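Inspection log for the structure reproduced underneath, given as structure tokens.
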Amino acid sequence: MSVGALIVAAGTGERAGGGCPKQYQPLAGQPVLAWSVEAFAVAGAERIVVAIAPGSAEMAREAAGRTDVMFVEGGATRTASVRTGLAALGDVDVVLIHDAARPGLTPAMVAALVQAVNAGSDGAAPALQISDSLRRVDAANHMVGEVERSGLVRVQTPQAFRGAVIRDAYAALSPDTTVSDDLAVARAAGANIQLIPGHERLMKLTYAEDFAVLERLMDAVNVTCVGSGFDAHRFGAGNHVTLCGVRIPHDRGLLGHSDADAAWHALVDAILGALGEGDIGAHFPPSDPQWKGADSETFLRHAAQLARNAGATLQHVDITLICERPKIGPHREAMRARTAEVLGLPLPRVSVKATTTEQMGFTGRGEGLAAQATATLSRPA
Ligand code: MG
């Protein structure tokens, strides 16, 4: 069963202020848009499409924080944007349509919605009870009547649908019709919709003060963890070393059971440290012949997957190489880019640097090379 996500981010969000549309403004350490993109990616969505306003592709790409996202230019209305986005998403079994202005999305919510569709509903959406009284008012804010709140709920996004149901529903909608949301489109086509319990953290960012409220809601359920790692390998015969997955020509090689990539080994230990998941030796025992000569990318991808399984989000990594030679400087950007690519992180959240030990100690004498790393993760408390 394939799952696709369509994030609608084509609005201009003027009420929120801040100089640029709210979906590109920072919230709890990363752009608003990145939170939803990440939640869908972690939940296993195979395709993620973001509908954006014409001319904002560069801003959107930077804010999304991942490379495996497709951007399409939306239309003049939300309905038009969804039509374009659905076409780009193609033939997936389950489609989730989400507003970028609701960044409090969690992978668990995505999973619950997909499950509701799998259980037999044509569509599903999160909804909350209403505890305040409802009144009808006129344009001058004079009360003109009561509204019975029993039987009413507040609906949020994402809204999940069988792919064929929502595609057909939009196809049946006359081109000039504008509707309030996708549930309405599906309902008009006769779909049965299951509402599941929503969450306050899925609140919609509308006004500038909403950002602080949502940050507090998100903080209440996430904790920041920093893990550290260290590794060292001895030099031996060879003509290159591999550091951060980059082959660096050298008059010596590094000895080790795997490819001896000390930089990524330290980073794997840092990620495992932030997760409380032991060390690299426990996950990939040197005594196990299957890891002989292994590409350390396997280890790094495994650590990143463990983080995703724990519902954690990698925020930042920092690697320091400790050696006299080879010179790291000329290869630093390639090492950074490769690490960012494997972890699916934007470049500014990956740091690679180097130092010598002024010819002191084992690295100073050129006996070997060492690396240390930190990894910062945000994870459910
Ligand atoms: Mg090692």
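By convention here, the first residue in the shown sequence is residue 1. Order of appearance sets the numbers: ligands from 1, and atoms from 1 within every ligand. Just so we're clear, the structure is a prediction, and the values are computed from it rather than from any experiment.
Under 3.5 Å, the side chains of T242 and D261 contain no donor-acceptor pair of N or O atoms.
A salt bridge links E333 with R336: the closest approach of a Lys/Arg side-chain nitrogen to an acidic carboxylate oxygen falls below 4.0 angstrom. Contact check on R308 versus E38 returns no salt bridge, with no Lys/Arg side-chain nitrogen under 4.0 Å from an Asp/Glu carboxylate oxygen. A salt bridge is defined here as a Lys NZ or Arg NE, NH1 or NH2 lying under 4.0 Å from an Asp or Glu carboxylate O, and D122 with R187 fails to meet this definition. With respect to the salt-bridge test (charged N to carboxylate O, under 4.0 angstrom), the residues D132 and R149 do not qualify.
Ring geometry for F299 against H265 counts as tilted: the plane angle lies between 30° and 60°, on a 0 to 90° scale.
Of all protein N/O/S atoms, those under 2.8 Å from the Mg ion (ligand 1) are D231 OD2, H233 NE2, H265 ND1, and waters are not counted.
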